[in-house]
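One structure below.
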There are 2 protein chains.
Amino acid sequence: MSVGENEETAGGPVDRGRLDKRRAIVEAALRVFAQVGYAQASLDVIAAEAGVSKPTIYNHLGSKEKLFRHVMTETAARSNAKTLDVLTAFPTDPDQLRPGLEDLATKLVDCYCDEQSESVRRLLYAEAVRFPDLFDAVRASGPNQFTEALAGRLARLANAGHLRVEDPVRAANQFIALVYEELPGMSALGTRPLDPADVAKVVTAGVDTFLRAFGTEPAGGPGKVSG
Amino acid sequence: MSVGENEETAGGPVDRGRLDKRRAIVEAALRVFAQVGYAQASLDVIAAEAGVSKPTIYNHLGSKEKLFRHVMTETAARSNAKTLDVLTAFPTDPDQLRPGLEDLATKLVDCYCDEQSESVRRLLYAEAVRFPDLFDAVRASGPNQFTEALAGRLARLANAGHLRVEDPVRAANQFIALVYEELPGMSALGTRPLDPADVAKVVTAGVDTFLRAFGTEPAGGPGKVSG
DNA sequence: AGAAAATTTTACTGGGTAGTTAAATTCTGT
DNA sequence: ACAGAATTTAACTACCCAGTAAAATTTTCT
């Protein structure tokens, strides 16, 4: 038994201590990886940041590559869960479609612009060549699922006659594209803080365009016109 | 004696030879950087790939960081010039607005999906934390200029009554977002080849949505409906 | 309390890389 | 053709880092 962390046998202060260290390692690793990149990240630095010594990392995670994979998948899973949870806010009342979509979009971009989300995205971009499987895994468990779920909601609204959508998946992708749009560029990929007012403008404009294209009301309806 | 001293050049074989080496270095550096990232890129490998030895790189470019900056700005400048050139294809005939925009969008995404463009984008993402100035410089000289130019064209069409656009810059950004949309995800950031048919579908759908939102014809006009 | 087992730590190794120095080669001017 | 200037090259240095081995510490079982 090398690394038998039985979650069922929890309760002892021992395992708790080990798990704390493990989590400290993973959190520190994310910080360091995000700050200096995979190759530049030194395990000594990560160990120091985690308040742990280097071989402890090997005992827990095995190797630098495994640590990286673990950090990425775990962080992505957390972010993805939060993002999927946003769909709870999907509007069901057709009369509140616009404010509902704006609320949804605001929450969505909040998730996308979360610091951990941005870190993972940057690292995924950075290492897309050397960790293609990671890229696929994260996308499959995250954005793709969200798109599919959103597409389902849009399709329901379309069936009920509140939206004119022929290809729900494509419409979902376009919705995301419209409201997320230029935020990465504006924030330098999460490197600089965003002015919430600017974010709100982008979201409003995105939802506006989306409803112009897919809404059933006459164009230029309730949405205010001048930016 | 190394390879390829071409004396057949008119106007000074010397400088030509040196310039060739310099260009070989920059090209090799881009390849290596794109493949393994900034930190992992070894100057020895770059030198070998360029058919040159290491100090030659220092004589020409000074340091690894300067080499990187040079490679990035130079490659970005080339890509940006190509992209800006695409606006030549902007439709002027209002009767051909849809096919014109589709053509424009196709050429635009071709530029965006060019291998060098993708490489620079990945590296920019990867090093956004440590080279924030590079990020800003490339964006300022590239996407921002394109957006502004496109916005101007859209505004002209709007003034002539062929488009309903209030904020041309935002509309331009949304146009780009709609037609570029999911391509990075589909190609794993340029890591995998794209099926041109899929690209065409995304482009068509993007232009379709754009015209639904901003066009003056009644919705569901000449664009075919089923995907 | 005491012994055994596991884990953390200190100290080390082998490989690799950015940047430099002095010799060899190539090019310029006369 | 020849001497001098500039550039390319091979070999070298100092440094850093991923991963490992044995010692010290902590925890568990009797």
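Here is the naming used below: chain letters follow the sequence lines, and residue numbers restart at 1 for every chain.
The salt bridge (charged side-chain N to carboxylate O under 4.0 Å, His left out) test applied to B/R192 returns A/D136, not counting sequence neighbours. For B/R170, the salt bridge (charged side-chain N to carboxylate O under 4.0 Å, His left out) partners are A/E182, not counting sequence neighbours. Applying the side chain to side chain contact (heavy atoms under 4.5 Å, CB included) test to B/E102 and every residue at least two apart in sequence or in another chain returns B/R98, B/T204, B/V207. Among residues two or more places apart in sequence or in another chain, the ring-ring contact (aromatic ring centres under 6.0 Å, His included) test is passed with A/Y112 by A/Y180. With sequence neighbours left out, the side chain to side chain contact (heavy atoms under 4.5 Å, CB included) criterion links A/C111 to A/K82, A/T83, A/V86. Evaluation of the salt bridge (charged side-chain N to carboxylate O under 4.0 Å, His left out) rule for A/D195 yields no partner, not counting sequence neighbours.
A salt bridge (Lys or Arg N to Asp or Glu O under 4.0 Å) check over residues 36-59 of chain A, counting only residues at least two apart or in different chains, returns the pairs A/R31-A/E49, A/D44-A/K54.
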What one-letter contact string describes nucleotides 9-21 of chain C from 5' to 3', where B marks a base within less than 4.0 Å of any protein heavy atom, S marks contact via sugar-phosphate atoms alone, and - marks no contact?
-> BB------SBBBB
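You'll find the ring centres of B/F175 and B/F214 outside the 6.0 Å limit.
Per the geometry, CD1 belonging to B/I57 stands 12 Å off C1' belonging to D/dT8, to the nearest Å.
Of the side-chain N and O atoms in B/H60, none sit less than 4.0 angstrom from OP1 or OP2 of D/dT7.
Residues from residues 122-129 of chain B with heavy atoms under 4.0 angstrom of DNA chain D: there are none.
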